[in-house]
Amino acid sequence: MSCVNLSTWVQTCSLFNQAGGRSRLSSSSALNNLFHPLKNNFPIPLSSIPKRHRPSPSSSLSTVSALLTQQETETVTEALEEEKAPFNFKAYMIQKANSVNQALDDAVSLREPQTIHEAMRYSLLAGGKRVRPVLCLTACELVGGDESVAMPAALAVEMIHTMSLIHDDLPCMDNDDLRRGKPTNHKVFGEDVAVLAGDALLAFAFEHIAVSTAGVTPSRIVRAIGELAKSIGTEGLVAGQVVDIDSEGSDDAGLEKLEFIHIHKTAALLEASVVLGAILGGGTDDEVEKLRSFARCIGLLFQVVDDILDVTKSSQELGKTAGKDLVADKVTYPKLIGIEKSKEFAAKLNKEAQEQLSGFDAHKAAPLIALANYIANRQN
């Protein structure tokens, strides 16, 4: 794992200083590109303009306008305004989540036998931030792919995530009554149907990738299916869940075991979301691995923040039962290192996650950077 190891970090946490904000591209870089005669079909080659008359990156737009047609001036203006405008993460997430929600509704329709499909849809369409499918779609676009080729995989990831929530809430597991502000699946449909609803979502997730993915080579589809299966089996989600159960009430559960639990139980599916998007979008092996490291860091970050929220927020604020980890005597980051050190560790994970994106196009990487910041600062 490339992201920071907590066991090592805790020993030197007194030296920790959170890095400042990420630098932004300056408008001068945009102007330099705009004045490149080969890239932008500049009407007059720069070499033919005397040096004393050539526009500098710091020139005002009025100077630029003297050399461009009205239409070209408007293009320059739009480019500068677009670069200066901050990335609207909220609008981006709403747009992507709406696309995902509509696609989920279409994919898992209400049909016979109605009871099982009602149970599947009850949890699948109950809301949620859709972080995992958005990660999948964004990673696809980051490496040059189109959202449509990754949508089936994005939906599959959300189906599997929903399955894990349904099963987590069962009396034999976390025995929870509330999920996303609503009664849990087994409280509405009974334990037997809830188990089957989770099983059905798991099976359909793989069917949906195999049948509905278009415009991608078979080898990439098979590779994506393999990644997803690995992320939820005994090398992923199941492994983390089992060790988590075994650690309840244990006195020897330290940082190393806690990190294992969260990397497998939580980070693995987030990692799969990003990796699937990169694979299906046509990413190179190097791009896939950089995004894998990014996702592993934010996956661990997600759980660190979740542990903090569990002891600092109410059930109403969280939309699920608060303090349940304390009641179950589970090992958590606040329990082992305290709330303040947990917050510092979260900030360090966020910083390292964003460093993995440094080699990508800054504009295309903006959603992932904003998403990492969102996970780090979320309140529910």
Side-chain angles (χ1 to χ4, degrees), residues 3 18-27 30 78-104 127-148 150-151 153-155 157-158 161 180 266-267 269-271 273-278 281 290-291 293-306 308-309 313 317-319 343 346-380:
C3 61
Q18 184 178 358
R22 184 177 65 88
S23 60
R24 293 178 56 82
L25 289 174
S26 65
S27 59
E78 291 173 1
L80 290 174
E81 289 177 350
E82 180 180 350
E83 185 171 9
K84 289 179 182 178
F87 176 71
N88 191 329
F89 175 66
K90 183 177 180 180
Y92 180 87
M93 288 296 292
I94 290 174
Q95 184 268 316
K96 291 294 187 186
N98 285 341
S99 297
V100 169
N101 288 333
Q102 183 59 59
L104 285 170
K129 306 170 188 70
R130 307 304 188 196
V131 170
R132 290 159 188 81
V134 171
L135 277 170
C136 184
L137 300 178
T138 304
C140 176
E141 293 175 327
L142 179 61
V143 298
D146 186 81
E147 175 185 293
S148 61
M151 185 60 82
L155 301 189
V157 168
E158 191 67 7
H161 174 57
R180 291 172 175 166
T266 303
L269 194 54
L270 284 163
E271 179 182 322
S273 304
V274 172
V275 170
L276 262 62
K290 283 183 178 180
L291 288 171
S293 297
F294 163 81
R296 193 166 293 190
C297 284
I298 66 167
L300 187 54
L301 169 65
F302 190 94
Q303 191 59 57
V304 175
V305 174
D306 209 54
I308 295 170
L309 294 176
K313 298 292 182 179
E317 290 173 310
L318 293 178
K343 290 179 179 179
K348 195 164 183 67
L349 284 168
N350 186 17
K351 179 177 181 291
E352 183 164 338
Q354 295 190 33
E355 287 173 351
Q356 303 301 317
L357 303 175
S358 60
F360 292 96
D361 177 88
H363 291 292
K364 289 185 178 180
L368 290 181
I369 292 171
L371 194 54
N373 287 331
Y374 166 75
I375 290 173
N377 298 307
R378 67 192 178 95
Q379 299 300 308
N380 57 35

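These figures come from a predicted structure and were not determined experimentally.
- Legend: residues meeting side chain to side chain contact (heavy atoms under 4.5 Å, CB included) with Asn377, ordered by chain and number and at least two apart, are Asn373.
- Partners of Glu158 according to the side chain to side chain donor-acceptor pair (under 3.5 Å) rule, which considers only residues two or more places apart in sequence or in another chain, are Arg130.
- Sorted pairs that involve residues 356-370 and meet salt bridge (charged side-chain N to carboxylate O under 4.0 Å, His left out), not counting sequence neighbours, are lacking altogether.
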*Can you list the steps and then say if Lys351 with Glu355 is a salt bridge (charged side-chain N to carboxylate O under 4.0 Å, His left out)?*
CA-CA 6 Å; Lys351 179 177 181 291; Glu355 287 173 351; 2.7 Å; yes
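- Atom CG in Leu135 sits 11.5 Å away from atom CG in Leu276 (nearest 0.5 Å).
- With a 4.5 Å cut-off on side-chain heavy atoms, Ile298 and Leu368 do not count as touching.
- Note that the OH atom of Tyr374 and the CE atom of Met93 stand 6.5 Å from one another [nearest 0.5 Å].
- Separating the CD atom in Glu141 from the NZ atom in Lys96 is a distance of 3.5 Å, to the nearest 0.5 Å.
- Among residues two or more places apart in sequence or in another chain, the side chain to side chain contact (heavy atoms under 4.5 Å, CB included) test is passed with Lys290 by Asp286, Phe360.
- Across every non-hydrogen atom of Gly299 and Thr266, the tightest pair is O-CG2, 3.8 Å.
- With Phe302 as the aromatic partner, Arg132 meets the cation-pi criteria of under 6.0 angstrom to the ring centre and within 45 degrees of the ring axis.
- Taken to the nearest 0.5 Å, the NZ atom of Lys348 stands 13.5 Å off from the CG atom of Leu301.
- Considering only heavy atoms from C-beta on, Leu309 comes within 4.5 Å of Arg378 through its side chain.
- Considering every non-hydrogen atom in both Ala372 and Asn350, the closest pair reads CB-OD1, 3.4 Å.
- In terms of heavy atoms, Leu300 sits closest to Ala267 at N-CB, 3.8 Å.
- In this structure, the side chain to side chain donor-acceptor pair (under 3.5 Å) partners of Tyr92, at least two apart in sequence or on a different chain, are Thr138.
- Residues Gln102 and Asn98 bring no donor and acceptor atom of their side chains to less than 3.5 Å of each other.
- The line from CD of Gln303 to CG of Leu270 is 10.0 Å long, rounded to the nearest 0.5 Å.
- Scanning all heavy atoms of the two residues, the minimum distance from Leu142 to Ala365 falls at CD1-N, 3.7 Å.
- The nearest pair of heavy atoms linking Ile375 to Val305 is O-CG2, 3.5 Å.
- Within the 4.5 Å cutoff, the side chain of Leu291 has no heavy atoms near those of the Gln356 side chain.
- Scanning for side chain to side chain contact (heavy atoms under 4.5 Å, CB included) contacts around Asp146 gives Ser148, with sequence neighbours left out.
- Put simply, CZ on Phe89 and CD1 on Ile369 are 12.0 Å apart, with the number rounded to the nearest 0.5 Å.
- Considering every non-hydrogen atom in both Ala278 and Ala139, the closest pair reads N-CB, 4.0 Å.
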